[in-house]
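The sequence lines fix the lettering, A, B, ..., with proteins before strands; numbering per chain opens at 1. Treat the numbers as computed from the prediction; the structure is a model and nothing was measured.
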Amino acid sequence: MVVPIALIDCNNFYVSCERVFDLRLRGVPVIVLSNNDGCAVARSEEAKALGIKMGDPAFKIRDKIRAHSIRVMSSNYTLYGDMSRRVVAVLHDFSPRLENYSIDETFVDLSGFGDRMVKQAADMRAEVRERTGIPTCVGIGPTKTLAKLANFAAKKNPLFAGVCDLTEQKVADYVLARVPVGEVWGVGSATEGKLVSQGIEWASQLRDMPLPLARKLGTVVLERLVAELRGIPCLDLEEVAPQRKGMAVTRSAGEPMMTFDTLAQAVTAHATRAAEKLRSHGLVAGTITAFFHTNQHKPDRPQHSASRSAIMKPMSADTFDLVGAAMRCIRSGWKGDPSGNGHGYTKAGIILDDLIRAEDAPRLLFEPDRPRSASLMKALDAVNDRFGKKTMVLATEGFKGSWGLKADHRSPRYTTRIADLPVVLI
DNA sequence: TCTGGGGTCCTAGGACCC
DNA sequence: TCTGGGGTCCTAGGACCC
């Protein structure tokens, strides 16, 4: 018994979020830049038509931006996260069984709608558009991989009017014969190269290739993918997000970090943020890794990178514990004298692993519990929640240092900050 | 001279995703 | 001058165990 699955995917999501609140961005080319205003991570259809590619570095497309008056926005993840939550809330009204796959994609179980599936999908689109202002496309298929492929077709081919149903065999044959293998979900550039060298260039050829060959070329992952293309489900709908295994806070610096103190400030900030994230999920970490490195896009310059890990004993989500461990890590990885060694570090970060729920954390036999740690963190979080992020920080973080992010074109937090509410003039 | 068989666990690295 | 951030899964190979 096949369960039809729909994938509803927001069109050019970050750009669409910006356009909901700023009418001047509609109908003109718009791009949204990554953190630090580094590269293009979202493009409006107009910007795509001008040849702006996903991941293009901002400085390389500067001339194009000027020549075509492309509107440039810094990323505003607070806004996008909140808009995503609103989209999912609408979808919940249509089906109780859904998987929140990414910030702009949701899988929805469509079983029970019979031949009204396409109508149902069209209604979902309309309702999301009406209640959030976000345009979407829907792909339907017997497996997640086919639903993704259907979504790709719905976006590319206007004939589908935003909804493509691949549970129809004839439609599936038509679409798969026209989609390049590299566009299939799970086929990246490495696998694409191997497949093409075997003469497999289209999704239909991938579907029809022998399973043993698929396993040989791309392990069990590719074998499952081929099965999914044949309509045999190998990937379940994950209604409950599995317990996460790791968590990271990493950032590029606004300008190269030349001294140990600057690096220490940045790493303190990242570890502080990581500890906040841990606590907000009710988790503790067993391992912490701190790393930093020079600009890897400039191989001709002197390069240095360091990464050190430490075991957290006891496992912890305490800011002081994690910052302390992170400082020991970077001190051990630092090369040269503390005042600076000629290297400009452009990126640093914290990675936490071995995460478990705080209440499941093992107690140490001979280590006294610290009853004040939890209440201190609770107070710290309460202050920063009430008065804004970074109201209270560790002194080692310093005031906003030169490592800070660049974000020269950020829109207001329209939906999550009272001071940023849009104003309507009548 | 001749030196087993069958496991588990951990890690690094690769590949992929949005 | 200027190139993001945060995840997951799989495999091979080494260390180790009895």
Rounded interatomic separation in angstrom, taking NE2 from A/H281 and P from C/dG6: 13 Å
d(CD1, A/I351; P, C/dG6) in whole Å: 10 Å
Nucleotide C/dG7, atom P - distance to CG of A/D353 in whole Å: 10 Å
Given A/H270, A/Q265, A/K390, the one that forms side-chain hydrogen bond (donor to acceptor under 3.5 Å, both in side chains) with A/E397: A/K390
Nearest listed nucleotide, side chain of A/V221, among C/dT3, C/dC10, C/dG5: C/dC10
4.5 Å side-chain heavy-atom contact, A/M257 and A/F292: no
Exceeds 12 heavy-atom contacts within 6.0 angstrom, atom CD of A/E183: yes
Which nucleotide in C/dG6, C/dT3, C/dC2 has an atom nearest any side-chain atom of A/R244: C/dG6
Proximal nucleotide (of C/dT3, C/dG5, C/dC2) relative to the A/H297 side chain: C/dT3
Touch class at under 4.0 angstrom, heavy-atom based, for A/K347 against every strand present: sugar-phosphate
Sugar-phosphate only, base, or nothing, as touched by A/R251 at under 4.0 Å among non-hydrogen atoms: sugar-phosphate
Which nucleotide in C/dG5, C/dC10, C/dC2 has an atom nearest any side-chain atom of A/T219: C/dC10
Touch class at under 4.0 angstrom, heavy-atom based, for A/A248 against every strand present: sugar-phosphate
Closest contact, heavy atoms only, A/V138 versus A/A6: CG1-CB, 3.9 Å
Protein-to-nucleotide contact annotation, 5' to 3' order, nucleotides 12-18 of chain B [B base; S sugar-phosphate only; - none; under 4.0 Å, heavy atom]: ---SSSS
Sugar-phosphate, base or nothing in reach of A/R273, heavy atoms under 4.0 Å: nothing
Sidechain N-carboxylate O distance under 4.0 Å for A/R178, A/D173: no
Between P of C/dT3 and NZ of A/K64, the distance in whole Å: 19 Å
Nucleotide nearest A/V220 when distance is taken to its side chain, options C/dC2, C/dG4, C/dC10: C/dC10
Identified pairing partner of C/dC17, criterion: Watson-Crick or G-U wobble below 3.5 Å: B/dG6
Nearest-angstrom distance from the residue atom NZ of A/K406 to C1' of C/dG5: 17 Å
Rounded interatomic separation in angstrom, taking CD from A/E223 and C1' from C/dC10: 13 Å
A/K298 or A/S252, whichever maps to the more 5' nucleotide of DNA chain C: A/K298
More than 12 heavy atoms of other groups within 6.0 Å of A/R131 CZ: yes
Charged N-O contact under 4.0 Å between A/K245 and A/D353: no
Contact under 4.0 Å: A/K60 side-chain N or O vs C/dT1 OP1/OP2: no
Between C1' of B/dT11 and CD1 of A/I311, the distance in whole Å: 13 Å
Sugar-phosphate, base or nothing in reach of A/G55, heavy atoms under 4.0 Å: nothing
P-based separation of C/dC18 from B/dT3 [nearest Å]: 24 Å
Heavy atoms of other groups near A/K216 NZ, more than 12 under 6.0 Å: no
Nearest-angstrom distance from the residue atom NE2 of A/H270 to C1' of C/dG4: 13 Å
Partner residues of A/R86 under the salt bridge (charged side-chain N to carboxylate O under 4.0 Å, His left out) criterion, sequence neighbours left out: A/D82
Sugar-phosphate only, base, or nothing, as touched by A/R224 at under 4.0 Å among non-hydrogen atoms: sugar-phosphate
Position toward the 5' end of DNA chain C (nearest nucleotide), A/D37 or A/M247: A/D37
